[in-house]
S.K.: 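Okay, here's the structure, questions in a sec.
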Amino acid sequence: MSPISTKRHGDILIVTSNNPPVNALGHAVRQGLVAAIEEADADDAVKAVVIRCEGQTFFAGADVSEFGTPKAFEAPMLPQVVDRIENCTKPVVAAIHGTALGGGLEVALACHYRVAVPTAKLGVPEVKLGLLPGAGGTQRLPRVVGVQKALEMTTSGTPIGAKEAFALGLVDRLIEGDLEQHSVAYADEVKEVRPLQKTSERDDKLAEARANPGIFEEFRKANARKMRGFDAPEANIKAVQAAVEKPYAEGVLEERRLFMELMSGKQAKAQQYFFFAERKASKIEGLPEDTKPRDIKRVGVIGAGTMGGGISMNFLSAGIPVTIVEMQQEALDRGTGIMRKNYEATAAKGRMTAEQVDGAMGLLKPTLNFDDLAECDLIIEAVFENMDVKKDVFSRLDKIAKPGAILASNTSYLNIDEIAAVTSRPQDVVGLHFFSPANVMKLLEIVRGAKTAPDVLVTAMQLSKKIKKVAVVAGVCYGFIGNRMLIPRQTQAMQLLLEGATPEQVDRVHVEFGMPMGPFQMADLAGVDIGWHRDPNRIENIRDALCAIDRWGQKKGAGFYDYDDKRRPSPSPTVQEIIEQFRAKEGITPRDISDQEIMERTIYTMVNEGAKILEEGMAQRASDIDVVWVYGYGWPVYRGGPMHWADGEGLQKIVDALKGQQERLGSDFTLSNLLVQKAQAGEKFTR
Ligand code: T1G
């Protein structure tokens with residue numbers, strides 16, 4: 001049965017797609033749309049057409065699950081479908097709700113009119129899949145919204161709201177009330193309007209760019225940083241440029257050429273892999289089918305420091321009341337003050353209104369009274385990263401928290417089972433590891449204790465979606481998934497300094513690889529003193545030596561690098577001297593170290609640790625490890641994630657390289673059995 005059905009309302013033909021969950025434009029939908037337009041053209045009694053969708057959303061794009069399969073190339077392909085719609089002899093109205101994305105927006109652009117409910121969103125997220133709108137979108141969109149807006153939308157993939165779309169002329173009418181009824185009424189209004197306005201024939205919005213061809217170079221310069229390393233954004237710019245410089249028929253051929261070039265590339269495969277990896281992460285294996293989440297009406301947060309405040313903001317922004325506890329009034333006031341300031345900074349950028357700021361802060365209940373947490377359904381501690389302190393907090397929570405309250409630790413390394421063991425309710429204890437800054441970073445590691453109840457995990461996963469986090473379930477091990485893989489990377493990076501590398505060289509290798517920063521830049525940003533024993537007289541390694549002279553990183557104006565008053569880094573002679581002292585002390589003669597060796601000792605070793613995490617069951621699947629690294633540490637999504645990237649690099653090549661480095665890696669380093677087995681068997685982690 002076709003997902004596309006048609007029915008008549010007077011002389012209007014209503015074409016409905018019912019293809020859950022998101023009306024993806026799979027082959028059957030494409031076929032049905034063409035048949036519906038043929039039906040409209042063939043019937044003189046039909047004066048206009050409305051295309052609408054059942055369910056949660058208007059077409060959310062091509063069916064990504066078809067990519068790489070013959071179905072994606074089965075006629076009619078999307079370009080033919082949109083052209084057939086545009087060449088209908090009767091006016092076609094797109095009735096948009098939910099999200100008109102990618103091919104969905106391209107279908108709407110081929111319609112002669114577009115109406116939408118105010119909550120709808122319209123966008124072209126293909127760039128996030130390593131692609132560009134391949135069904136005329138790069139040619140039609142600039143003809144409706146103008147070149148600058150089209151460049152922004154195609155290269156960011158960020159959708160715009162229906163109200164903005166209406167202001168731009170992308171939506172002809174905002175519909176309050178029943179969308180089907182009002183879109184049919186709109187079609188009735190326009191059914192006699194002639195000539196039909198084909199989007200592909202509109203030129204007015206291109207004039208400005210034709211008069212200012214420099215717009216493309218300016219755009220490239222202004223966005224160089226965030227587009228660095230990606231292929232798709234540049235291809236989108238080229239395609240939009242073709243819309244300006246060429247007639248439509250030629251521009252759409254250039255779009256097709258660029259699309260096929262991207263589709264056949266490694267980056268598109270990696271980003272499409274990641275699209276599904278991210279969604280798979282929310283599925284928790286081995287839970288009873290009927291596990292229901294607990295009801296979380298109020299969240300308690302212990303600690304109003306950087307983490308406690310950031311964590312609280314996630315819930316406040318989602319409309320969930322928060323009780324935040326501190327021991328001193330001054331700390332409480334400082335923490336809540338910073339939260340308000342953060343919101344006000346967001347409002348200053350136009351991303352929140354003043355009312356929303358007050359609304360969020362109005363849900364916050366600061367208190368010095370620990371017992372006030374008794375009213376909370378979920379309590380998250382964000383106190384000092386020390387096991388004794390955490391155990392004390394959980395012992396106290398056990399006495400005052402209501403039965404069924406979830407007790408969560410924000411620890412980034414410590415053993416959740418050990419913490420749970422001091423309570424009478426280990427089944428209610430879970431780790432919720434937020435990444436700093438907690439109100440910004442999307443990653444959340446849900447740490448599953450041995451006794452954590454299924455409904456606690458389901459609640460945590462559901463709540464993560466509500467607070468717009470991407471959550472990954474981790475097992476109880478030191479550093480869980482992300483930070484555990486950081487350990488070999490940081491260890492080797494420090495060792496490489498002793499052997500002859502410089503912080504700049506190691507960082508450059510990582511930045512050129514696509515990371516936002518290298519190990520030493522990251523240490524300076526996060527704080528060189530994190531985890532330091534704080535005894536300036538105890539100097540056992542380079543890090544101790546830096547901390548002992550207050551070189552704690554950017555916050556002190558100096559760490560592995562020197563910083564000017566604009567926090568711009570420069571190599572530090574002081575640090576070089578310290579490194580040389582340690583080389584002399586350890587009797588190491590520095591040698592030239594190749595970029596390849598840095599890659600092998602800092603990135604291959606991370607992959608090896610990821611394989612161990614998988615082997616030990618500390619991650620549910622290899623793709624979860626990739627989700628952690630893309631969202632938690634900025635691993636370039638066009639490389640898919642460490643495990644997907646390793647598959648492409650070649651597992652045997654990685655094993656051989658690590659074996660070759662064994663002496664330098666030291667006796668503590670051991671190869672993952674799973675990595676070796678997969679390499680030998682020619683298997684992969686993620687493909
Ligand atoms: N194709 C196939 N499956 C899709 C899909 C798509 N486009 N979008 C979502 N799904 C599945 C998803 O895998 C999940 O499946 C379920 O739907 C719910 O998704 C030629 C080439 C629409 C905003 O990139 O942004 O058009 O896990 O969990 O949070 O130019 O889905 O349940 O089995 O994300 O409510 C461009 C991608 C395609 C849109 C809804 N379009 N989707 O969010 O649900 S390329 C996109 C989304 C293209 C043309 C080009 C979101 C959503 P499962 P979900 P959600």
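Order of appearance sets the numbers: ligands from 1, and atoms from 1 within every ligand.
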S.K.: Above 12 or not: heavy atoms from other molecules or residues under 6.0 Å from CD of E208?
M.R.: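 Open.
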S.K.: Within ligand 1, which atoms have a heavy atom of T99 less than 4.0 Å away?
M.R.: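 Near T99, the atoms of ligand 1 are 22 (C).
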S.K.: Please determine, by modelled atom types, if T16 and S5 share a side-chain donor-acceptor pair under 3.5 angstrom.
M.R.: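 Judged by distance alone, the side chains do not pair up.
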S.K.: Are the aromatic rings of W645 and F685 close, with centres under 6.0 Å apart?
M.R.: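 No - the distance between ring centres of W645 and F685 does not fall below the 6.0 Å cut-off.
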S.K.: At what distance, to the nearest 0.5 angstrom, does CG of L131 lie from CE of M263?
M.R.: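 These two atoms lie 5.0 Å from each other.
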S.K.: Below 4.5 Å, heavy atoms only, C-beta onward: do R687 and H644 meet side chain to side chain?
M.R.: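 Of all side-chain heavy-atom pairs linking H644 with R687, at least one is under 4.5 Å.
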S.K.: Give the numbers and elements of all ligand 1 atoms closer than 4.0 Å to a heavy atom of P21.
M.R.: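 Those qualifying, in numeric order: 16 (C), 17 (O).
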S.K.: By number and element, which atoms of ligand 1 are closer than 4.0 Å to a non-hydrogen atom of P125?
M.R.: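 It comes down to these atoms of ligand 1: 24 (O), 41 (N), 46 (C).
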S.K.: If we only count N/O pairs under 3.5 Å, is E126 in contact with ligand 1?
M.R.: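 Between E126 and ligand 1, an N or O pair is found under 3.5 Å apart.
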S.K.: Tell me which part of D63 gets within contact of ligand 1: side chain, backbone, both or neither, using heavy atoms under 4.0 Å.
M.R.: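 It is both backbone and side chain that touch ligand 1.
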S.K.: Nearest protein heavy-atom contact for atom 37 (C) of ligand 1: which residue, which atom, what distance?
M.R.: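 Result: F275 CE1, 3.5 Å.
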S.K.: Between L78, L132, L129, which one has a non-hydrogen atom sitting closest to atom 45 (S) of ligand 1?
M.R.: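 Of the listed residues, L129 has the closest heavy atom.
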S.K.: Mind checking whether M77 contacts ligand 1 via backbone (N, CA, C, O), side chain (CB onward), both or neither, at a 4.0 Å heavy-atom cut-off?
M.R.: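 Neither; no heavy atom under 4.0 Å.
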S.K.: When you compare the side chains of R140 and Y248, does any donor N or O come within less than 3.5 Å of an acceptor on the partner?
M.R.: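 Judged by distance alone, the side chains do pair up.
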S.K.: Check whether F275 forms a cation-pi arrangement with R279 (NZ or CZ under 6.0 Å from the six-membered ring centre, at most 45° off the ring normal).
M.R.: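 Yes, R279 lies over the aromatic ring of F275.
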S.K.: At under 4.0 Å between heavy atoms, is it the side chain or the backbone of A60 that contacts ligand 1, or both, or neither?
M.R.: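 The answer is both, backbone and side chain.
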S.K.: Please work out, at 4.0 Å between heavy atoms, whether the side chain, the backbone, both, or neither of T57 comes within that distance of ligand 1.
M.R.: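 Neither; no heavy atom under 4.0 Å.
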S.K.: Short check: is a protein heavy atom less than 4.0 Å from atom 7 (N) of ligand 1?
M.R.: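 Within 4.0 Å of atom 7 (N) of ligand 1, protein heavy atoms are found.
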S.K.: I'd like to know if R220 and E234 make a salt bridge, using a cut-off of under 4.0 Å between side-chain N and carboxylate O.
M.R.: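 Result for this pair is yes, salt bridge flagged.
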S.K.: Considering only heavy atoms, does F58 approach ligand 1 within less than 4.0 Å through its side chain, its backbone, both, or neither?
M.R.: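 For F58, no heavy atom sits under 4.0 Å from ligand 1.
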S.K.: Below 4.0 angstrom from a heavy atom of E106, which ligand 1 atoms are there? Numbered from 1 as shown, please.
M.R.: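 Going through ligand 1 atom by atom, the ones under 4.0 Å from E106 are 20 (C), 30 (O), 49 (C).
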S.K.: Check whether any heavy atom of Q56 sits under 4.0 Å from an atom of ligand 1.
M.R.: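 So Q56 counts as touching ligand 1.
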S.K.: Can you check whether a protein heavy atom sits less than 4.0 angstrom from atom 29 (O) of ligand 1?
M.R.: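 Answer no: nothing from the protein, no heavy atom, is under 4.0 Å.
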S.K.: With atom 48 (C) of ligand 1 as the reference point, say which of G157, A62, P159 has the nearest heavy atom.
M.R.: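 The option holding the nearest heavy atom is A62.
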S.K.: I need the nearest protein heavy-atom contact for atom 23 (C) of ligand 1: residue, atom name and distance, please.
M.R.: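 Closest protein heavy atom to atom 23 (C) of ligand 1: L101 CD1, 4.0 Å.
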S.K.: With a 6.0 Å cut-off on the ring centroids, do F435 and Y633 count as close?
M.R.: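 For F435 and Y633, the ring centres are under 6.0 Å apart.
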S.K.: Give the numbers and elements of all ligand 1 atoms closer than 4.0 Å to a heavy atom of V64.
M.R.: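 Ligand 1 atoms under the 4.0 Å threshold to V64: 1 (N), 2 (C), 6 (C), 7 (N), 38 (C).
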S.K.: Indicate yes or no: at least one non-hydrogen side-chain atom of L170 is less than 4.5 angstrom from one of R114.
M.R.: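 They are in side-chain contact.
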S.K.: I want to know if ligand 1 touches K283 in the polar sense, i.e. an N/O pair below 3.5 angstrom.
M.R.: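 Yes.
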S.K.: Can you check whether F274 and Y631 have ring centres sitting under 6.0 Å from each other?
M.R.: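 Under 6.0 Å, so yes.
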S.K.: Nearest protein heavy-atom contact for atom 47 (C) of ligand 1: which residue, which atom, what distance?
M.R.: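 Protein heavy atom with the smallest distance to atom 47 (C) of ligand 1: R279 NH2, 3.9 Å.
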S.K.: Run the contact test for P133 against ligand 1 with a 4.0 Å cut-off on heavy atoms, strictly below, and give the result.
M.R.: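 Flag set, P133 near ligand 1.
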S.K.: State whether the shortest distance between N or O atoms of L131 and N or O atoms of ligand 1 falls below 3.5 angstrom.
M.R.: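 The answer is no, given that L131 and ligand 1 share no N or O pair closer than 3.5 Å.
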S.K.: Is atom 12 (C) of ligand 1 touching the protein, meaning some protein heavy atom lies under 4.0 Å away?
M.R.: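 Under 4.0 Å from atom 12 (C) of ligand 1, at least one protein heavy atom found.
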S.K.: Can you see whether F58 has R52 sitting over its ring - NZ or CZ less than 6.0 Å from the centre and within 45° of the normal?
M.R.: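 Pair R52/F58 does not count as cation-pi.
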S.K.: With a cut-off of 4.0 Å, which atoms of ligand 1 are near a heavy atom of F67?
M.R.: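 Those atoms are 21 (C), 45 (S).
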S.K.: For atom 10 (N) of ligand 1, grab the closest protein heavy atom and report residue, atom and distance to one decimal in Å.
M.R.: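 Nearest neighbour among protein heavy atoms for atom 10 (N) of ligand 1, to 0.1 Å: V22 CG2, 3.9 Å.
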S.K.: Flag the pair S312 / I380 as yes when at least one side-chain heavy-atom distance between them is below 4.5 Å, and no otherwise.
M.R.: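 With C-beta onward as the side chain, the pair stays apart.
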S.K.: Measuring from the heavy atoms of K280, does anything fall under 4.0 Å of ligand 1?
M.R.: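 Under 4.0 Å: no for K280.
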S.K.: What I'd like to find out is whether the side chain of F259 reaches to under 4.5 Å of the side chain of E254, using heavy atoms alone.
M.R.: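 SC-SC contact between F259 and E254 ruled out.
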S.K.: Is any side-chain heavy atom of P642 less than 4.5 Å from a side-chain heavy atom of D626?
M.R.: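 A side-chain contact under 4.5 Å exists here.
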S.K.: Check this for me: K121, atom NZ, are more than 12 non-hydrogen atoms of other residues, nucleotides or ligands nearer than 6.0 Å?
M.R.: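 It does not: K121 NZ has 12 such atoms or fewer within range.
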S.K.: Ligand 1 versus K465, non-hydrogen atoms closer than 4.0 Å: side chain, backbone, both, neither?
M.R.: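 Neither; nothing of K465 gets under 4.0 Å from ligand 1.
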